[in-house]
Amino acid sequence: MTISIFTTNDHASGYAKGVKRHSKRSSELSFSTRAIHIGSEPDPTTGAVIPFISLSTTYKQDEVGVHKGFEYSRSGNPNRDALERTLVGLEAGAGHAIAFASGSATTATVLQSLGPNAHVLSVNDVYGGTFRYLTRVAKETMGTESTFVDLENTTDNEILGAIRVNTKLIWIESPTNPTLRLIDIPRIVGLARRAPSKPLVLVDNTFLSPFYASPLLQGADIVIHSLTKYVNGHSDVVMGAAILPSSSTPDRDYEGLVQKLRFLQNAHGAVPSPFDSWLAQRGAKTLAVRMKAHGLNALRIASFLTSHPAVEHVIYPGLASHSLHALARTSLSPNAQQFLSTLPPSSLVHGIPYGGMVSFRLHGGAKSAEALLPKLRLFTLAESLGSVESLAELPARMTHASIPPAEREALGIEGLVRLSCGIEEVEDLVEDLRAALDGLDDEDSGCDSGFVTPSDASDHGANGLH
């Protein structure tokens, strides 16, 4: 489905009669233009450039069942509808978007749509909240079975062997959270289509956002986002979204799946508020500008970390030295490719911008990591990611605490530091890291860092994606 900026319906489009409409199709417009205009047309009554916040819970009907598209705010709201139009405009290849009250609500609703006793094949290095939902909630309430596989390194035959007759979904994060493993999405899509059960392929695109990656163009059936992160970008909204292609295929009924997801959402009330929808749409308008800064800052920070003697290993697929750097390049969205073409060669000496997330390990291991984090001044020690301010965390003790210790160790999560590189002046961020890393040399490695371990129950439980 191609969404035009202005539709033929004056009320829906937000333009009064007699005003000349823009005839260019949304697919022909650039990313930032779509982000600013689609779903955010001037109000036809007042001419207000910014959409109103519609707080009404119910809507007048002219006759029984005759209304202007809204009946009750749990089932539909103008601000939520406007945000969903914006999301369809941002995610290349999309035709449907459903905004949810949180990332957890998105995850729960998608898994509920599979029905009882389904099997899910998931990447092994998955966010802790997703792992918890699959292994403790979906398993106990719906009989869902889950198999966690290294989709980065496992062979085609091994992946095909892990797909069962009741496998209904393959769950991908790329890059994964928090070790930034890269998954070849077209490869997994091809394997899913070959399997007799033909499972849907879902990609969590939170880390790269629609700016850097377009999984639907690579064949994915569902893209999900924690809108809390990059799309909103200001640490003031908790929200999620599921986005699907526009046209069904002989073995893919996307319209039917959208109807099922909306029915489940309405039934259990996992809807975002009008104000949160308005905030997220506002944030989305600057997504491209922010993602460019996030990516360039992360590349600079990753390059610096590789040169510091206290750092053992840096993980950033954008670095030219990364083993899967070529895959990172080919996985970029068309608009990200265009962005790279505008950068001077001098800014790409060490690699390419590839999102704002950087992970690294210190020679001193987990103790040094715990000692490092409180020393940072511009990187705030906090969970979450993707906002304008820079954040740092220790996943093993925070966002991924629900994953058993042995599995965290096997995945390389223990002792890993995760940075969400904000859009501050990058040299200020580099100096913040330099001072904190240099300060580690002045401490006794056995001293108590004072780091408080959150309980398993607080494993980023309010969000559930990232």
Side-chain angles (χ1 to χ4, degrees), residues 30-32 35 90-92 173-183 185 203-215 217-218 225 229-233 283-307 311 314-360 378-379 385-392 417-430 432-433 466:
S30 66
F31 188 92
S32 286
L90 292 181
E91 193 73 59
E173 289 180 12
S174 187
T176 61
N177 181 10
T179 62
L180 305 183
R181 288 176 167 87
L182 284 191
I183 312 303
I185 294 172
V203 176
D204 181 345
N205 197 26
T206 298
F207 266 33
L208 290 181
S209 87
F211 180 80
Y212 279 108
S214 301
L217 297 184
Q218 296 179 305
H225 290 277
K229 312 309 190 295
Y230 285 114
V231 172
N232 178 64
K285 292 181 180 182
T286 58
L287 181 60
V289 177
R290 290 184 284 107
M291 291 311 298
K292 292 173 183 179
H294 284 300
L296 290 171
N297 282 5
L299 176 61
R300 171 71 179 95
I301 288 166
S303 295
F304 160 72
L305 290 171
T306 61
S307 67
V311 177
V314 179
I315 310 172
Y316 185 68
L319 285 174
S321 58
H322 191 280
S323 61
L324 292 179
H325 179 70
L327 177 59
R329 272 188 172 273
T330 58
S331 69
L332 288 173
S333 68
N335 45 270
Q337 297 278 8
Q338 195 278 331
F339 166 53
L340 289 190
S341 71
T342 67
L343 297 175
S346 59
S347 66
L348 303 176
V349 172
H350 300 290
I352 61 172
Y354 194 73
M357 303 303 298
V358 177
S359 294
F360 65 97
L378 297 180
F379 282 88
L385 60 101
S387 287
V388 292
E389 69 279 349
S390 295
L391 304 175
V417 176
R418 191 188 78 177
L419 301 179
S420 174
C421 302
I423 63 172
E424 301 95 334
E425 198 65 41
V426 69
E427 292 308 318
D428 292 336
L429 297 176
V430 168
D432 187 36
L433 287 164
H466 293 273

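No experiment lies behind these values; they were computed from the predicted model shown.
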### Task
Just do the side chain to side chain contact (heavy atoms under 4.5 Å, CB included) check on T330 and L327 with the steps written out, would you?
CA-CA 5 Å; T330 58; L327 177 59; 3.9 Å; yes
### Query
So how far is it from K229 NZ to M357 CE, rounded to the nearest 0.5 Å?
9.5 Å
### Query
Is there a donor-acceptor pair closer than 3.5 Å between any side-chain N or O of T176 and the backbone N or O of E173?
no
### Query
Hey, is the main chain of L343 close enough, under 3.5 Å, to the side chain of S347 for a donor-acceptor pair?
no
### Message
Quick check against the 3.5 Å criterion: does N297 have a side-chain atom that pairs as donor or acceptor with the backbone of C421?
### Response
no
### Query
Just wondering, do V311 and T306 contact through their side chains at under 4.5 Å, heavy atoms?
no
### Task
Go through the steps to decide whether F360 and L419 satisfy the test side chain to side chain contact (heavy atoms under 4.5 Å, CB included), and finish with yes or no.
CA-CA 8 Å; F360 65 97; L419 301 179; 3.6 Å; yes
### Query
Does any N or O in the side chain of N232 come within less than 3.5 Å of the main-chain N or O of G283, such that one atom is a donor and the other an acceptor?
no
### Task
Indicate the atoms forming the closest heavy-atom contact of L180 with I315, along with that distance.
CD1-O, 3.1 Å
### Task
Compare every heavy atom of F211 with every heavy atom of S333, then report the nearest pair and how far apart it is.
OG-O, 2.5 Å
### Task
Establish, from distance only, whether the side-chain atoms of E91 and S214 form a donor-acceptor pair under 3.5 Å.
no
### Task
State, yes or no, whether a side-chain contact exists between V203 and I183 at a heavy-atom distance under 4.5 Å.
no
### Query
So which heavy atom on L319 is nearest to which on H325, and how close?
O-ND1, 3.1 Å
### Task
Quick one: closest heavy-atom pair of T342 and F339, and the distance?
OG1-O, 2.6 Å
### Distance in Å, L90 CG paired with N205 CG, rounded so as to fall on 0.5 Å steps
11.0 Å
### Query
V231 versus P210: any side-chain heavy-atom pair under 4.5 Å?
yes
### Query
Does a side-chain heavy-atom distance below 4.5 Å link P334 with L217?
yes
### Query
Taking C-beta and beyond as the side chain, do V426 and F304 meet within less than 4.5 Å on heavy atoms?
no
### Backbone of E389 reached by a side-chain donor or acceptor of S387 within 3.5 Å
no
#### Entry: E425, CD: over 12 other non-hydrogen atoms inside 6.0 angstrom
no
### Query
Within the side chain of N335, is there an N or O that forms a donor-acceptor pair under 3.5 Å with the backbone of F31?
no
### Message
Nearest 0.5 angstrom please: N177 CG to T206 OG1, how far?
### Response
9.0 Å
### Message
Rounded at 0.5 Å granularity, tell me how far CG in L340 sits from CZ in R329.
### Response
6.0 Å
### Message
Between S359 and P178 (side chain of the first, backbone of the second, donor and acceptor by atom type, cut-off under 3.5 Å), is there such a pair?
### Response
yes
### Task
Please check if the side chain of Y316 supplies one atom and the backbone of Y354 the other of a donor-acceptor pair under 3.5 Å.
yes
#### Entry: Side-chain heavy atoms of H294 within contact of I423, under 4.5 Å
yes
### Query
S390 side chain to F379 main-chain N or O, any donor-acceptor pair under 3.5 Å?
no
### Task
Decide yes or no for Q338 and S341: does some side-chain heavy atom of the first lie under 4.5 Å from some side-chain heavy atom of the second?
yes
### Nearest atoms (heavy-atom pairs only) where A35 meets A284
CB-O, 3.5 Å
## Note on the structure
When every non-hydrogen atom of L378 is compared with those of L429, the smallest separation belongs to CB-CD2, 4.1 Å
### Query
Are side-chain heavy atoms of S331 and L182 found at a separation under 4.5 Å?
no
### Message
Tell me whether R290 contacts the main-chain N or O of V388 through its side chain, where contact means a donor paired with an acceptor under 3.5 Å.
### Response
no
